[in-house]
Amino acid sequence: EYGEQHSAGGLPVMQGSDGAFRLLLVRVERRSGVTWEVAKGKLEPGESPEMTAVREVGEETGLRNPIRVVRHLEDVRYGFLAPGGRPRLKTVYLYLMAVDGDTPVLAPPAEGEGIADVGWFTPDEAAAAVRHPSLIPALARARDVLGRYGLAPDRGYGSPDAAPR
């Protein structure tokens, strides 16, 4: 009796002149509290998860630089209760995304999404800031992948570093 919901999102990554990576997170205000999270949203008809991730990250963060998916991180699945108490099983396709340009260009984030702020974090800071149980392993993986491969594109399935889908 669970309804299925599919979403996609990602972690925009910029590399500073010092070589350090910074990840962009959104600060979300909900009835249950304020948390730092990954920008994400529902797939629309005809969109691939990658297309949705790029669209949602741009909308939710206000990031105006071109962004591109460079690596699939993982798929996160969890259950929740939708309005009215109906159970849902959600799948979120998460990606590392390269941000083009030397300087981030940020407009105000999407209104009506509960997004109060956006912030750039080192991989370690981002892994510590995100507290949603379903996202903690994904942030740890992002930190580890950036430390090992940087923003090198995913080599696809069958390579030693390929992420399972």
Side-chain angles (χ1 to χ4, degrees), residues 1-14 20-44 47-63 67 69-99 106 109-151 154 157 160-165:
E1 296 186 25
Y2 281 87
E4 290 273 342
Q5 182 177 322
H6 294 270
S7 296
L11 290 162
V13 180
M14 290 195 83
F21 292 110
R22 297 285 186 272
L23 289 78
L24 187 61
L25 298 175
V26 294
R27 190 171 60 121
V28 181
E29 293 181 352
R30 293 196 176 89
R31 290 182 307 237
S32 58
V34 178
T35 59
W36 285 101
E37 299 182 13
V38 175
K40 63 188 179 309
K42 294 178 190 173
L43 272 71
E44 292 186 359
E47 279 187 329
S48 68
E50 293 87 352
M51 291 166 60
T52 299
V54 169
R55 177 180 55 78
E56 286 289 339
V57 165
E59 288 174 6
E60 291 197 353
T61 65
L63 186 63
I67 52 177
V69 170
V70 294
R71 181 177 296 271
H72 174 257
L73 274 178
E74 64 183 60
D75 299 340
V76 175
R77 291 180 58 93
Y78 59 92
F80 70 99
L81 293 177
R86 298 193 54 201
R88 294 271 190 267
L89 182 59
K90 186 171 191 170
T91 301
V92 182
Y93 308 97
L94 291 178
Y95 301 92
L96 275 180
M97 309 169 96
V99 178
L106 294 168
E111 289 187 29
E113 300 277 345
I115 297 169
D117 199 5
V118 297
W120 292 96
F121 296 81
T122 67
D124 286 335
E125 291 168 343
V130 172
R131 302 308 327 143
H132 195 285
S134 66
L135 292 175
I136 291 171
L139 269 289
R141 179 161 167 70
R143 179 192 59 215
D144 296 346
V145 165
L146 285 170
R148 184 169 182 187
Y149 302 105
L151 283 173
D154 192 344
Y157 303 109
D161 62 317
R165 281 197 185 199

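Numbering of residues begins at 1 and proceeds along the displayed sequence.
When all heavy atoms of Val57 and Pro12 are compared, the closest pair comes out as CG1-CG, 3.3 Å. Across every non-hydrogen atom of Leu73 and Arg141, the tightest pair is O-NE, 2.9 Å. The two residues Leu146 and Pro123 have their closest heavy-atom pair at CD1-CG, 4.0 Å. Across all their heavy atoms, Ala126 and Phe121 have their closest contact at N-CB, 3.6 Å. Leu94 and Gly10 make their closest contact through CD2-N, 4.4 Å (heavy atoms, listed as atom of the first residue, atom of the second, distance). Of all the heavy atoms in Ala127 and Arg131, the pair that sits closest is O-NH1, 3.8 Å.
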key: Chi angles and distances behind the side-chain contact (heavy atoms from CB on, under 4.5 Å) call for Lys42, His6   = CA-CA 6 Å; Lys42 294 178 190 173; His6 294 270; over 6 Å; no
message = For a side-chain contact (heavy atoms from CB on, under 4.5 Å) check, start with the C-alpha distance between Leu89 and Tyr78, then their side-chain angles and the critical distance, and finish with the verdict.
response = CA-CA 6 Å; Leu89 182 59; Tyr78 59 92; over 6 Å; no
message = Assess the residue pair Leu24 and Arg22 against the criterion (side-chain contact (heavy atoms from CB on, under 4.5 Å)); give the C-alpha distance rounded to whole Å, side-chain angles, the decisive distance to 0.1 Å, and a yes or no.
response = CA-CA 7 Å; Leu24 187 61; Arg22 297 285 186 272; over 6 Å; no
message = Using side-chain contact (heavy atoms from CB on, under 4.5 Å), reason through Val13 and Leu151 one step at a time and then give a plain yes or no.
response = CA-CA 8 Å; Val13 180; Leu151 283 173; 3.9 Å; yes
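Here the OG1 atom belonging to Thr61 is positioned 10.5 Å from the CG atom belonging to Leu25, to the nearest 0.5 angstrom. Taking OG1 from Thr35 and CZ from Arg27, the interatomic distance works out to 10.0 Å, rounded to the nearest 0.5 Å. A distance of 12.0 Å separates CG of Leu139 from CD of Glu125, quoted to the nearest 0.5 Å. Residue Met14 holds its CE atom at 8.0 Å from CG of Leu63, rounded to the nearest 0.5 Å. Taking CG of Leu23 as the reference point, atom CZ of Arg143 lies at 11.0 Å (rounded to 0.5 Å). Between the CG atom of Asp75 and the OG atom of Ser7 there is a distance of 11.5 Å, given to the nearest 0.5 Å.
Looking only at side-chain heavy atoms (C-beta outward), Phe21 and Leu11 stay at 4.5 Å or farther from each other. For the pair Val38/Val26, no side-chain contact is recorded, criterion being any heavy-atom separation below 4.5 Å from C-beta on. Taking the side chain as every heavy atom from C-beta outward, Pro137 and Glu74 approach each other to under 4.5 Å. Here the side chains of Val28 and Trp36 are not in contact, with every heavy-atom distance at 4.5 Å or above. For the pair Val54/Met97, a side-chain contact is recorded, criterion being any heavy-atom separation below 4.5 Å from C-beta on.
Side-chain N/O atoms of His72 and Tyr93 include no donor and acceptor closer than 3.5 Å. For Thr91 and Arg77, the side-chain atoms include at least one donor-acceptor pair closer than 3.5 Å.
Remark: Glu47 engages Arg55 in a salt bridge, criterion side-chain N to carboxylate O under 4.0 Å. Between Glu37 and Arg30 a salt bridge is recorded (basic side-chain N to carboxylate O distance below 4.0 Å).
Using a distance-only test at 3.5 Å, with no hydrogens or angles considered, no donor-acceptor pair links the side chain of Glu56 to the main chain of Ala8. In this structure a side-chain-to-backbone donor-acceptor pair under 3.5 Å is missing from Arg88 to Phe80.
A cation-pi arrangement is absent between Arg71 and Tyr95 under the rule of less than 6.0 angstrom and at most 45 degrees off the ring axis.
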